Amino acid sequence: MTGAAADPNSFAFAGHVGAFALDVAFDAPPTGVTALFGPSGCGKTTVLRSIAGLQRMARGRVMVAGAPWQEGEIFVPPHRRSVGYVFQEASLFAHLSVKQNLLFGASRAGPAGAGAAAAFDDVVDLLGVGPLLGRATAALSGGERQRVAIGRALLSRPSLLLMDEPLAALDAASKNDILPFLERLHGALSLPVLYVTHDMAEVERLADWLVLLQAGRVLASGPLAALQSDPTLPLAARRDAAVSLEAVTGAYDAAYGLLALDVPGGRFLAPSAPAQAGEARRISIQAADVSLALRRPEQSTISNILGARIIEAAPLGSQELAVLVGLGQDGAGARLLARVTRRSWDQLGLRTGLPVFAQIKGVALVPGAR
Amino acid sequence: MTASFAAEIGPPILLTIQLAAITTALLLVVGTPLAWWLARSRAWWKEGVGALVAMPLVLPPTVLGFYLLVLLGPDGPGGWIAELWGARTLAFTFTGLVIGSVFYSLPFVVQPIRNAFEAFGERPLEVAATLRASPLDAFWNVALPLARPGLLTGAVLGFAHTVGEFGVVLMIGGNLPGQTKVLSVAIFDYVETLQWAKAHAVAAGMTLFAFAVILATTLAERRWRRARVG
């Protein structure tokens with residue numbers, strides 16, 4: 001059983017929905033959040049619906065926790081799949097109270113017992129829906145509705161949680177209301193989550209693993225930072241291209257309000273509220289904020305200057321390049337993406353393998369992330 | 001006139017209520033699955049079935065009544081069924097009247113229920129499926145409760161329409177006291193025999209009944225909608 005649970009969940013679909021052709025295959029790790037990212041109409045939602053069995057692609061293979069949900073002639077109907085599904089609109093049952101909504105899946109997933117009651121209290125706590133229990137669903141705000149919908153899905157004891165742009169239908173205030181709950185969820189749950197979104201900010205805050213979709217195909221899939229830092233992927237060409245790194249907090253300089261953040265191969269200083277040393281934090285560094293120099297710049301206002309080595313470069317249009325550098329003398333540390341002009345590249349004689357200094361103008365602590 | 005009138009009009013009132021109640025119950029049992037199928041099936045011929053169901057809306061009651069008479073009579077399927085208990089025909093019987101009423105009032109029950117099923121769409125059923133509810137479970141515990149306003153409207157319209165039916169009754173039921181003599185036929189009787197006061201009394205009663213039914217349904221629906229949205 002433990003062996004099966006450690007297997008990655010794997011998904012593959014091929015077929016048509018109307019004129020749209022889908023042909024995808026990817027794995028997702030057995031725990032953590034996997035983001036399915038891509039522009040509207042790239043097939044993200046179709047993939048999610050096919051995994052839940054709400055839609056049946058001509059050819060498909062769905063393996064979750066070692067169990068086949070679809071394979072060859074096998075097609076497990078949706079109500080026999082231990083899946084939790086959070087739709088873009090909360091879709092609460094209008095004829096039931098908040099509590100009845102929460103318990104709808106719980107009562108069908110197995111007999112109520114002491115364990116189930118404890119799980120109910122945990123989920124209610126985690127999502128902060130305690131004060132809403134007695135209310136009618138119509139009396140809830142958008143963010144509250146979506147929290148109840150997430151709780152309802154969790155209480156059906158899924159072995160895979162699917163979330164289809166759960167924040168897309170919310171206004172900015174409700175989004176900010178619900179994101180911290182999603183982050184807590186990420187910390188508290190051991191179950192795998194597939195999270196569909198077209199918002200890179202949500203990916204940065206929530207995802208560990210990324211599947212890039214485009215026009216019904218998988219462009220790439222892998223750990224978040226690895227895909228973000230790949231200069232050949234379209235992510236690197238975005239104006240807001242950035243790399244997320246898992247850092248550990250070091251000393252806090254109270255006089256200047258700067259927090260030291262260690263990553264493999266280097267240490268950053270970032271403005272921050274006071275923090276304990278030794279905590280895991282996610283930081284984000286935009287490619288536009290990273291410049292490269294051959295010699296260590298002196299007397300600069302930029303406080304984050306780290307030795308690095310160029311690993312790879314790819315053109316962004318005709319004027320710029322996306323350059324991947326690895327921190328440390330050997331370039332084996334954390335990887336950053338730098339956006340440089342082709343002119344600078346040529347004038348400095350930059351090339352793959354060259355040792356450089358990376359100047360980082362902005363280091364952002366990703367809010368709430370671990 | 002009052003005591004004798006009461007004795008006279010009592011049986012038709014009772015018969016009318018019996019007929020309408022039995023017909024409504026049957027219509028809900030038959031009409032709900034039919035409405036569900038019409039709302040959700042992707043069969044190309046489903047609108048053909050939909051049109052058949054809606055026919056009594058536009059068909060002259062005498063035409064429907066005529067065909068029913070043929071079907072229920074001794075040479076039709078109604079006659080063969082009646083033979084099972086030794087009778088000759090279903091025409092001019094209470095059973096025949098129930099069968100006729102079910103056909104005649106079918107669209108008034110099916111249409112509002114179908115609309116209610118279509119109004120909430122696929123999503124609540126998909127949600128139910130991802131929460132481990134089998135299709136039957138989802139039908140009972142999600143679709144039917146969500147369609148409650150439509151079911152109420154359908155039941156009320158079916159009941160009221162059966163109470164008011166005249167043409168079909170006359171064609172297949174005639175005017176047998178205690179058997180097929182319902183209120184609408186009673187009014188016709190009174191007018192034919194120039195008993196205007198009695199016709200007035202029955203007509204006024206039925207007008208009041210119709211008004212009360214429409215008002216109560218509208219209020220109940222509004223309360224439900226408010227409970228859901230507000």
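A quick note: this is a predicted structure, and the numbers were derived from the prediction, not measured. Every chain is numbered from 1, with letters handed out A, B, ... down the list of sequences. Only this structure's heavy atoms are used, side chains among them; waters, hydrogens and symmetry mates stay out.
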Review point. Any side-chain heavy-atom pair from B:V127 and A:F87 closer than 4.5 angstrom?
Key: yes

Review point. Contact part of A:R80 toward chain B, heavy-atom cut-off under 4.5 Å: side chain, backbone, both or neither?
Key: neither

Exercise for review: Let me know if A:P77 has heavy atoms under 4.5 Å from chain B in its side chain, its backbone, both or neither.
Suggested key: neither

Review point. Are the side chain of B:R132 and the backbone N or O of A:V83 linked by a donor-acceptor pair below 3.5 Å?
Key: yes

Practice item. Looking only at non-hydrogen atoms, find the nearest pair between A:F93 and B:P124 and report the distance. Key: CE2-O, 3.4 Å

Practice item. For atom CZ of B:F159, decide whether the heavy atoms of other residues, nucleotides or ligands shown that lie under 6.0 angstrom number more than 12. Key: yes

Check your understanding: What is the minimum heavy-atom distance between A:H95 and B:L146, and which atoms define it?
Key -> ND1-CD2, 3.5 Å

Point to revise | Crowding at CZ, B:R40 (>12 non-hydrogen neighbours, <6.0 Å) | key: yes

Exercise for review: Output, in order, the C-alpha distance, side-chain angles, deciding distance and verdict of side-chain contact (heavy atoms from CB on, under 4.5 Å) for A:R152 and B:T130.
Suggested key: CA-CA 10 Å; A:R152 181 175 64 177; B:T130 64; over 6 Å; no

Check your understanding: So with a 6.0 Å cut-off around CZ of B:F66, is the heavy-atom count from everything else above 12?
Key -> no

Review point. Under 6.0 Å from the CH2 atom of B:W44, do we count more than 12 heavy atoms belonging to anything else shown?
Key: no

Review point. Crowded around B:F120 CZ? As in, over 12 foreign heavy atoms under 6.0 Å?
Key: yes

Check your understanding: Of the backbone (N, CA, C, O) and the side chain (C-beta and beyond), which part of A:A149 lies under 4.5 Å from a heavy atom of chain B, both, or neither?
Key -> neither

Review point. Taking all non-hydrogen atoms of both residues, which atom of A:A153 and which atom of B:L131 are closest, and how far apart?
Key: CA-CD2, 4.3 Å

Exercise for review: State whether the side chain of A:H79 and the backbone N or O of B:A138 hold a donor-acceptor pair below 3.5 Å, judged by distance alone.
Suggested key: no

Check your understanding: What part of A:R49 is in contact with chain B, defined as an atom under 4.5 angstrom from a non-hydrogen atom: side chain, backbone, both or neither?
Key -> side chain

